[in-house]
Engineer: 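First the structure, which I've put down as structure tokens, then a few questions once you've had a look.
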Amino acid sequence: MACAISEPWARWGCWRGWSRRSSSFLRPAARSAGGANRRAGDAPCRVLLASLAPLGLRCRLLRLRNALRQRQKEREMSLVDHVREAVASALGEMARAGELGDAGAGALDGATWLVERPKRAEHGDLATNVALAIAKRAGKPPRAIAEGLVRALAGGTVVASAEVAGPGFVNLRLRPRVFQAQIADVLRAGSAWGRAPAATGERVNIEFVSANPTGPVTVASGRNAILGDSVARLLEVAGHRVTREYYVNDRGNQVRAFAQSVRAASEGREPPEDGYRGAYVAELAAWLKALDPTLLAGGDPETLDRACVTWMLRGVPGSRTLPGIRPSLADLGVYFDVWFSEDSLYRWGAVPAVMRRLEDGGHLVEKDGALFFKAPDGALEDKDRVVRKSSGEWAYFASDIAYFADKIGRGYDRLINVLGADHHGYVARVRNALTALGLHEERFEALLYQLVFITKGGEALKSSKRAGNIITVDEVMDEIDEAAGRKGAGRDALRFFFLSRSANSNVEFDIELAKKKSLDNPVFYVQYGHARLCSILRNAEALGLRAGGDLEPLVHPDELAIAQKLGDFPAVVAEAARLREPHRVVFYVQELARDFQSYYTRLGDTDPILPRKSVTARPGWEASWNVPKTGARLAWIEAIRVTYAEALGMVGVTAPQRMDRPPEEADEA
RNA sequence: GCGCCCGUAGCUCAGUUGGAUAGAGCAGCGGCCUUCUAAGCCGCGGGUCGCAGGUUCGAGUCCUGCCGGGCGUGCCA
């Protein structure tokens, strides 16, 4: 289905053919969480295998590839995996020795048991509930099994000591070497740390924002944008190939009402009954008038509709009243691969085509002069839905069905829609329609988030595009930028704010509080931590001290605990991607920041990482300074920094290299 | 009425396929800067996890009912 697109905004990459190039052109280099091919892994082998090499060689290559994969797998095994393996093999020994009763090794079959981090540090580095889990099957009390396990684990290479606790938990302390190896893992992975190999997962299309192009980006749609974009980043991190898509409703009543409001504004009239009255409407009217007076003065209404949509998306150059949907989203760090025009579905005849298919399947019924989609029997939503109004116009639902059919036809394994809770009734409708068309209904996944309540000084604020009292993401970001004295601070703060809670919880956004307390945003705490790490590394370099060497001097309990926490990162990220819950990454990085800052400040003067000026002032200080220990600690710091930066990148927040002293607190008593 | 989501500290929220004494930020109180960045750190106070049953070795987490809040249930999108 080739298309000739007449909307000017379409040139920005409406269709898949151009979208990649145009989007990479538009994306600043900062797209660190993007889908670059990293960790090529066994790619060279694959290439050779595909060639016409002789059979013997191919067999050898196959073995080599498998060996490489095995090694890769081992490398990707987390600390928990290693310990789990050690526990399992200890249990195997016990079974052979008859310590697990008649069930023997079978006691483990089908049992769900965990090796996990206990909440309290006194309970060890890791703990397992396996004795509790298999006690019934083994026919022995949990504590007896636990005691046997403690004996069997003694003297291993991973576990340093083990003890029975409570009803039968086994608490484990690990050898420092294990944590030191964790640091090496992070540094080896570098910018691939926490990521699955690229393009190994599904082809995913994620549609989000898709707000009507009749107003600027509001704080409410900001939540959609930030959530959708962060989930998209996480999916890429998890190895999926992701297309980000915005469905532009550039047709229908709302666009018409909007265009008529613009025309009214240009003539100094009140907007029509269902029209729009924000300041941006007048701004757009003035801009269009200057651009081409015939547009407004009795020109073709469709051309005017189109022009309005175009400039809403693009924005009036230099205007803060009408910055444009696309630039506003870019300021939020949100970019799309595809901007899909609803109107184009009509121009290509996709809507009647898909309706014919529904009709052939007997899924349409005519009532009161309108055409309805018949809900299938027993479906979750059992009401019939209008697809063609009695006026003869297609309803939005008709083009939506065509749109979904189109997306499925493009061969995605999964279609995700990020929707506000006020649209959740829509989900069943789409599912029913896809089922009726015999399309892959199960590939459709709705990601719902609860609504944002805008308040001002504690009072509910009814914001509506039509009334024109909307709160835009731009004004919020501008305010915070100004308060923090740094461009981009508002973006980071807004993203962090929305990502600091699960999509399932309602958010109250107090516009006054957001501006006044913007510097309390935890994002700055995390960023400050990153800047501190960078600063240490900078200072080290100036002194000629380098990260690396043997990690054995790394024995401080806090340092090892943080190293262990770094090891949690890939699992946190994988879980966040699987559940589409970016807030997990945000909470993780906040914890990491807390751990590091606490350690760092408490360290104080007692055992500084870098030599003080009083030390470096003496010539030849290097001879008395513990350089190997510093090297190990710097490696540890670099590993933390990498984890910070990766985590922040995955939720679209910048990781600044330096943050200068905070702006003076203006308030005086 | 029916469907989906939520109810955890004064406020805003986390809480991994059910695990040990339920956590964090903000707010409050008390301490720590001749600085490897105080946008920081340490400490204190603060809880019938909406209520009532049930499931089990064990429930904030799973099931049922009730109470309270949000959203949906348009020939609006």
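The figures here come from the full heavy-atom set of this structure, side chains too, leaving out hydrogens, waters and symmetry mates. Here is how names work: the chains are called A, B, and so on, in the same order as the sequence lines, proteins then strands, and each is numbered from 1.
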Engineer: Give me the distance, rounded to whole Å, that separates B:U8 from B:G70 when you measure between the P atoms they each carry.
Structural biologist: 15 Å
Engineer: Contact class for A:N212 (heavy atom, under 4.0 Å): base, sugar-phosphate, or nothing?
Structural biologist: sugar-phosphate
Engineer: Across the strands shown, which category fits A:H583 at heavy-atom distances under 4.0 angstrom: base, sugar-phosphate, nothing?
Structural biologist: sugar-phosphate
Engineer: Please give, in whole Å, the distance from B:A27 P to A:L519 CG?
Structural biologist: 12 Å
Engineer: Using whole Å, report how far CG of A:N504 lies from C1' of B:G15.
Structural biologist: 14 Å
Engineer: Please classify the nucleic acid contact of A:R594 as base, sugar-phosphate, or nothing, using heavy-atom distances under 4.0 Å.
Structural biologist: sugar-phosphate
Engineer: Taking atom P in both B:G47 and B:G54, what distance in whole Å separates the two?
Structural biologist: 27 Å
Engineer: With heavy atoms under 4.0 Å as the rule, sort A:L451 into base, sugar-phosphate or nothing.
Structural biologist: sugar-phosphate
Engineer: Please report the distance, rounded to the nearest Å, between CD in A:E273 and P in B:C76.
Structural biologist: 15 Å
Engineer: Would you mind classifying the nucleic acid contact of A:A540 as base, sugar-phosphate or nothing, using non-hydrogen atoms under 4.0 angstrom?
Structural biologist: nothing
Engineer: We want to know whether A:R612 and A:T616 form a side-chain donor-acceptor pair, criterion being a heavy-atom distance below 3.5 angstrom.
Structural biologist: no
Engineer: Any N or O donor-acceptor pair linking the side chain of A:H424 to the base of B:G3 at under 3.5 Å?
Structural biologist: yes
Engineer: Expressed as a whole number of angstroms, how long is the span from A:N249:CG to B:C76:C1'?
Structural biologist: 12 Å
Engineer: Between the side chains of A:Q254 and A:T214, is a donor N or O closer than 3.5 angstrom to an acceptor N or O?
Structural biologist: no
Engineer: So what does A:Y525 touch, heavy atoms closer than 4.0 Å: a base, only the sugar-phosphate, or nothing?
Structural biologist: sugar-phosphate
Engineer: Indicate whether any N or O donor in one side chain lies under 3.5 Å from an N or O acceptor in the other, for A:E342 and A:Y403.
Structural biologist: no
Engineer: Whole angstrom is fine here: how far is it from CG in A:D422 over to P in B:U73?
Structural biologist: 9 Å
Engineer: Using the P atom as the reference point in each nucleotide, state the distance between B:C4 and B:C41 in Å, no decimals.
Structural biologist: 43 Å
Engineer: Taking any heavy-atom pair under 4.0 Å as a contact, classify A:S390: base, sugar-phosphate, or nothing.
Structural biologist: base
Engineer: Considering every strand and a 4.0 Å limit on heavy-atom distances, what is the contact class for A:D400: base, sugar-phosphate, or nothing?
Structural biologist: nothing
Engineer: Establish, from distance only, whether the side-chain atoms of A:N504 and A:Y449 form a donor-acceptor pair under 3.5 Å.
Structural biologist: no
Engineer: Please work out if A:G252 contacts a base, only the sugar-phosphate, or nothing of the nucleic acid, heavy-atom cut-off 4.0 Å.
Structural biologist: nothing
Engineer: Could you give the CD-to-P distance, from A:E512 to B:C11, as a whole number of Å?
Structural biologist: 20 Å
Engineer: For the P atoms, the ones on B:C67 and on B:A52, what distance do you get once it is rounded to whole angstrom?
Structural biologist: 15 Å
Engineer: Counting neighbours of CD on A:E366 that are heavy atoms of other residues, nucleotides or ligands and sit closer than 6.0 Å, is the number greater than 12?
Structural biologist: yes
Engineer: Could you tell me if the side chain of A:F496 sits less than 4.5 Å from the side chain of A:L494, heavy atoms only?
Structural biologist: no
Engineer: Show me the donor-acceptor pairs, under 3.5 Å and distance only, between side chains in residues 516-526 of chain A and residues at least two apart or in other chains.
Structural biologist:
from, atom 1, to, atom 2, distance (Å)
A:S518, OG, A:K515, O, 3.2
A:N521, OD1, A:V523, N, 2.8
A:N521, ND2, A:A493, O, 3.0

Engineer: Using atom C1' of each nucleotide, how far apart are B:G18 and B:G60 to the nearest Å?
Structural biologist: 10 Å
Engineer: Report the glycosidic orientation of B:C33: syn if within 90° of 0, anti in every other case.
Structural biologist: syn
Engineer: Verify the distance criterion only: is there a donor paired with an acceptor across the side chains of A:Q260 and A:Y276 at less than 3.5 Å?
Structural biologist: no
Engineer: Expressed as a whole number of Å, how far does the C1' atom of B:C66 sit from that of B:G7?
Structural biologist: 14 Å
Engineer: Between the side-chain atoms of A:N171 and the base atoms of B:A20, is any donor-acceptor pair under 3.5 Å?
Structural biologist: yes
Engineer: Please report the distance separating the P of B:A9 from the corresponding atom of B:G23, rounded so that it comes out in whole Å.
Structural biologist: 14 Å
Engineer: Contact class for A:A370 (heavy atom, under 4.0 Å): base, sugar-phosphate, or nothing?
Structural biologist: base
Engineer: Applying a 4.0 Å non-hydrogen cut-off, can you work out what A:Y396 is touching in the nucleic acid: base, sugar-phosphate, or nothing?
Structural biologist: base
Engineer: What does A:Y600 touch in the nucleic acid at a heavy-atom separation under 4.0 angstrom: a base, only the sugar-phosphate, or nothing?
Structural biologist: base
Engineer: Return one dot-bracket line describing RNA chain B 5' to 3' (Watson-Crick or G-U wobble pairs, both distances under 3.5 Å; ( ) same strand, [ ] crossing, | another strand, . none).
Structural biologist: (((((((..((((.....[...)))).(((((.......))))).....(((((..]....))))))))))))....
Engineer: At under 4.0 Å between heavy atoms, what does A:A165 touch on the DNA or RNA strands: base, sugar-phosphate, or nothing?
Structural biologist: base
Engineer: Is it the case that the side chains of A:D492 and A:Q527 hold a donor-acceptor pair, with the cut-off being a distance below 3.5 Å and no angle test?
Structural biologist: yes
Engineer: Taking the C1' atom in each of B:G46 and B:C26, what is the distance between them to the nearest angstrom?
Structural biologist: 14 Å
